[in-house]
Amino acid sequence: MGDGAVDDNGGFAVDQLVTPWNLSISSGHNLLRDPHHNKGLAFTERERDAHYLHGLLPPTVFTQELQEKKVMHLIRQYEVPLQRYIAMIDLQERNERLFYKLLVDHVEELLPVVYTPTVGEACQKFGSIFRRPQGLYISLKDKGQVLEVLRNWPQRFIQVIVVTDGERILGLGDLGCQGMGIPVGKLSLYTALGGVRPSACLPITIDVGTNNEKLLNDEFYIGLKQHRARGEEYAELLEEFMTAVKRHYGEKILVQFEDFANHNAFELLHKYRNTHLVFNDDIQGTASVVLAGLLSGLKLLGGTLSDHTFLFLGAGEAGTGIAELIALQISKQTGVNVEEARKKIWLVDSKGLLVSSRKETLPHFKLPWAHEHEPVNSLLDAVKEIKPTVLIGTSGVGRQFTQEVVETMSSNNEKPLIMALSNPTSQAECTAEEAYTWSQGRAIFASGSPFDPVTYEDKVFVPGQANNAYIFPGFGLGLIMCGATRVHDDLLLAASEGLASQVTDENFAKGIIYPPYSCIRTISAHIAASVAAKAYELDLASVLPRPNDLVKFAESCMYSPTYPNYR
Ligand SMILES: NC(=O)C1=CN([C@@H]2O[C@H](COP(=O)(O)OP(=O)(O)OC[C@H]3O[C@@H](n4cnc5c(N)ncnc54)[C@H](OP(=O)(O)O)[C@@H]3O)[C@@H](O)[C@H]2O)C=CC1
Ligand SMILES: CC(=O)C(=O)O
Ligand SMILES: [Mg+2]
């Protein structure tokens with residue numbers, strides 16, 4: 001340091017270059033600031049001796065259970081969901097294991113906080129609640145250097161990437177760079193619900209601009225202030241990203257595409273499904289969770305899948321993805337070809353029922369569903385014409401299942417199965433209360449975001465939560481633990497069967513078609529085992545020899561958030 005370099009600005013002149021050095025082994029103050037190793041007041045006396053912590057903490061020593069009780073008490077005092085979300089993110093950044101302990105032990109209470117619906121609001125207000133950056137941002141400015149950007153991430157051993165470009169965040173539309181809340185939230189579920197180690201999870205947002213004018217005009221917007229790149233410019237950045245990911249992390253890195261707009265989502269899945277271990281949660285994970293609900297729902301409805309008629313409101317990623325998996329399952333069960341099986345499934349988009357006379361103007365992913373029929377413009381008319389036994393909402397638009405729609409479903413069916421899958425809660429096609437009331441307590445109902453139980457004529461109805469969060473953590477764990485190299489549709493069917501197998505007679509007696517989230521770790525282990533078993537059968541697994549008991553193996557692979565003892 002030369003003469004004159006020192007001033008009152010922290011000891012350095014403002015224009016002096018300084019090396020941001022750090023110690024490599026955490027101890028003392030650094031240990032308390034390291035969220036991966038920090039235990040806060042739970043450091044024991046011995047650990048405080050060994051790691052120079054005396055004086056840096058108040059003298060009391062808490063158990064992890066007491067810490068957990070204290071933080072839950074604190075979080076419950078916040079009435080505004082976003083405050084709870086911020087408290088949880090703060091905890092994650094301060095003490096990662098305590099964060100996951102809370103999430104594992106209070107999953108039903110905290111899922112709506114770190115995931116839908118609150119994560120939607122967090123993304124909308126991301127700029128104002130943004131504290132420390134989470135996840136990795138790759139923008140158009142990084143073109144030509146994506147590999148170098150990946151190398152900046154502190155962890156080298158990564159097993160799962162969840163990536164978004166922010167264009168279709170839940171049913172909230174284009175939130176650009178603020179969509180980062182989604183990969184962060186999804187990956188915290190990978191750990192809490194599926195047991196994948198947090199250090200092996202990498203949330204990524206690809207910023208190619210946004211077409212959200214409000215964000216473009218917001219001086220505090222954190223992303224690129226330009227309209228979205230399309231066509232070749234977009235494809236080139238994604239190609240560079242996918243190549244760099246495989247080069248840096250190897251063949252078996254799982255890439256989960258999340259909340260891309262459908263014009264890119266189908267293309268990316270199609271392009272990379274034969275070269276990478278990729279999976280689109282909105283198309284495939286949603287399909288698997290809904291099929292599981294239908295498989296278990298048949299116990300209440302009666303008949304086989306092929307005895308039913310399905311009508312969707314929304315013919316995008318979720319709608320056509322679910323429809324295709326149902327058709328595949330019907331085809332496998334009955335031996336009819338998939339084209340024939342599709343005839344039991346109808347979809348309505350923003351312009352009405354998909355019918356053959358619209359074929360000229362439909363994108364490729366809707367074409368298989370343009371059946372022979374007169375044009376039908378409204379959902380209500382479609383319900384009257386098609387007489388579905390199952391009605392599924394994947395439109396991203398709230399309150400489309402009107403009283404008349406639900407009443408028509410109920411007059412055609414003793415037990416109408418109604419799923420309002422759109423997220424967050426504001427976009428649900430109907431509420432649980434509406435479904436039970438308008439069907440006079442006869443509907444079997446599930447929604448994408450959670451609803452509280454409803455009392456109708458003195459009877460309590462517990463709605464199911466048909467959310468891909470049931471599937472992707474266990475599905476990903478299954479792929480990782482057997483070293484799968486590609487995702488095959490049969491693995492999705494296996495995941496559905498794994499989930500459906502976890503619904504108990506006690507659940508059925510209450511009219512529930514999904515098992516409670518409180519058992520999610522066991523459920524995930526069964527899903528993982530079912531997926532891995534299928535991967536071994538299809539020769540897609542590379543971890544050999546095949547473990548005999550795949551459920552036990554899955555459980556043994558799961559991360560535990562209990563504190564370790566430090567030497
Ligand atoms: N519960 C869960 O696990 C999941 C829920 N979702 C939710 O599903 C919703 C849709 O997602 P996704 O499929 O990816 O979105 P897409 O944008 O791919 O598809 C939306 C579809 O809804 C149609 N639509 C929009 N408005 C209307 C309307 N007023 N009437 C009829 N149809 C309409 C669109 O029609 P058009 O094609 O004509 O534009 C399109 O076909 C989102 O809210 C998302 O949060 C998604 C994945 C998982
Ligand atoms: C749940 C989910 O993936 C979605 O709403 O997009
Ligand atoms: Mg999604």
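Computed from a predicted model, the values in this text were never measured in an experiment. Both counts, for ligands and for their atoms, begin at 1 and track the order of listing. Positions are given from 1, in the same order as the sequence printed here.
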Open item on the list: Taking distance alone, with N or O pairs closer than 3.5 Å, would you say Asn467 contacts ligand 2?
Closed with: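 In fact, backbone or side chain, Asn467 has no N or O that close.
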Contact partition for [X] relative to ligand 2, non-hydrogen atoms under 4.0 Å:
{"X": "Thr116", "answer": "neither"}
{"X": "Gln256", "answer": "neither"}
{"X": "Asp259", "answer": "side chain"}

Task: Single hit among Leu150, Asp165, Val255 for side chain to side chain contact (heavy atoms under 4.5 Å, CB included) with Ile204 - done: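 Looking at Leu150, Asp165, Val255, the match for Ile204 under the side chain to side chain contact (heavy atoms under 4.5 Å, CB included) is Leu150.
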Task: Cys177: which of Ile222, Ile206, Thr210 passes side chain to side chain contact (heavy atoms under 4.5 Å, CB included) - done: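 The passing option is Ile222.
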Open item on the list: I'd like to check which ligand 2 atoms, numbered from 1 as shown, lie under 4.0 Å from a non-hydrogen atom of Glu258.
Closed with: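 Answer, ordered by atom number: 3 (O).
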Task: Ligand-residue contact atoms, ligand 2 with Tyr115, heavy atoms, under 4.0 Å - done: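 Matching atoms, with element in brackets: 1 (C).
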Open item on the list: Salt bridge check, Asp259 against Lys186: does any charged N sit closer than 4.0 Å to a carboxylate O?
Closed with: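 No, Lys186 and Asp259 are not salt-bridged.
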TODO: List for me each residue that meets side-chain contact (heavy atoms from CB on, under 4.5 Å) alongside Phe461, sequence neighbours excluded, and say none if there are none.
DONE: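 Phe461: side-chain contact (heavy atoms from CB on, under 4.5 Å) contacts with Tyr436, Tyr456, Lys459.
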Ignoring hydrogens, what is the shortest heavy-atom contact between [X] and [Y]? Give both atom names and the distance.
{"X": "Thr394", "Y": "Glu429", "result": "N-OE2, 3.4 Å"}
{"X": "Gly316", "Y": "Phe365", "result": "CA-CE1, 4.1 Å"}
{"X": "Phe126", "Y": "Gly181", "result": "CE1-N, 3.8 Å"}

Task: side-chain hydrogen bond (donor to acceptor under 3.5 Å, both in side chains) involving His227 - partner list, sequence neighbours excluded - done: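 For His227 the side-chain hydrogen bond (donor to acceptor under 3.5 Å, both in side chains) partners, ignoring immediate neighbours, are Glu213.
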TODO: Write out the residue and atom name of the closest protein heavy atom to atom 5 (O) of ligand 2, then the distance separating them to 0.1 Å.
DONE: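 Protein heavy atom with the smallest distance to atom 5 (O) of ligand 2: Asn423 ND2, 2.8 Å.
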TODO: Would you please determine whether Asn468 falls within less than 4.0 Å of ligand 2 on a heavy-atom basis?
DONE: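 True for this residue.
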Open item on the list: What protein N/O/S atoms are there under 2.8 Å from the Mg ion (ligand 3), waters excluded?
Closed with: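 Metal shell, protein only: Glu258 OE2, Asp259 OD1, Asp282 OD1.
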Assess whether atom [atom1] of [X] is packed by more than 12 heavy atoms of other residues, nucleotides or ligands within 6.0 Å.
{"X": "Gln83", "atom1": "CD", "value": "yes"}
{"X": "Glu433", "atom1": "CD", "value": "no"}
{"X": "His263", "atom1": "NE2", "value": "yes"}

- [ ] Mark yes or no for whether Ser439, through its side chain, and Ser410, through its backbone, hold a donor-acceptor pair below 3.5 Å.
- [x]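 Checking the backbone N and O of Ser410 against the side chain of Ser439, no donor-acceptor pair under 3.5 Å is found.
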Open item on the list: Using a 4.0 Å cut-off on heavy atoms, what residues surround ligand 1? Order them by chain and number.
Closed with: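 If the criterion is a heavy atom under 4.0 Å, then ligand 1 touches Arg168, Leu170, Gly171, Asn262, Asp282, Thr286, Leu313, Gly314, Ala315, Gly316, Glu317, Ala318, Asp349, Ser350, Lys366, Thr394, Ser395, Gly396, Val397, Gln400, Leu421, Ser422, Asn423, Gly448, Ala466, Asn467, Asn468.
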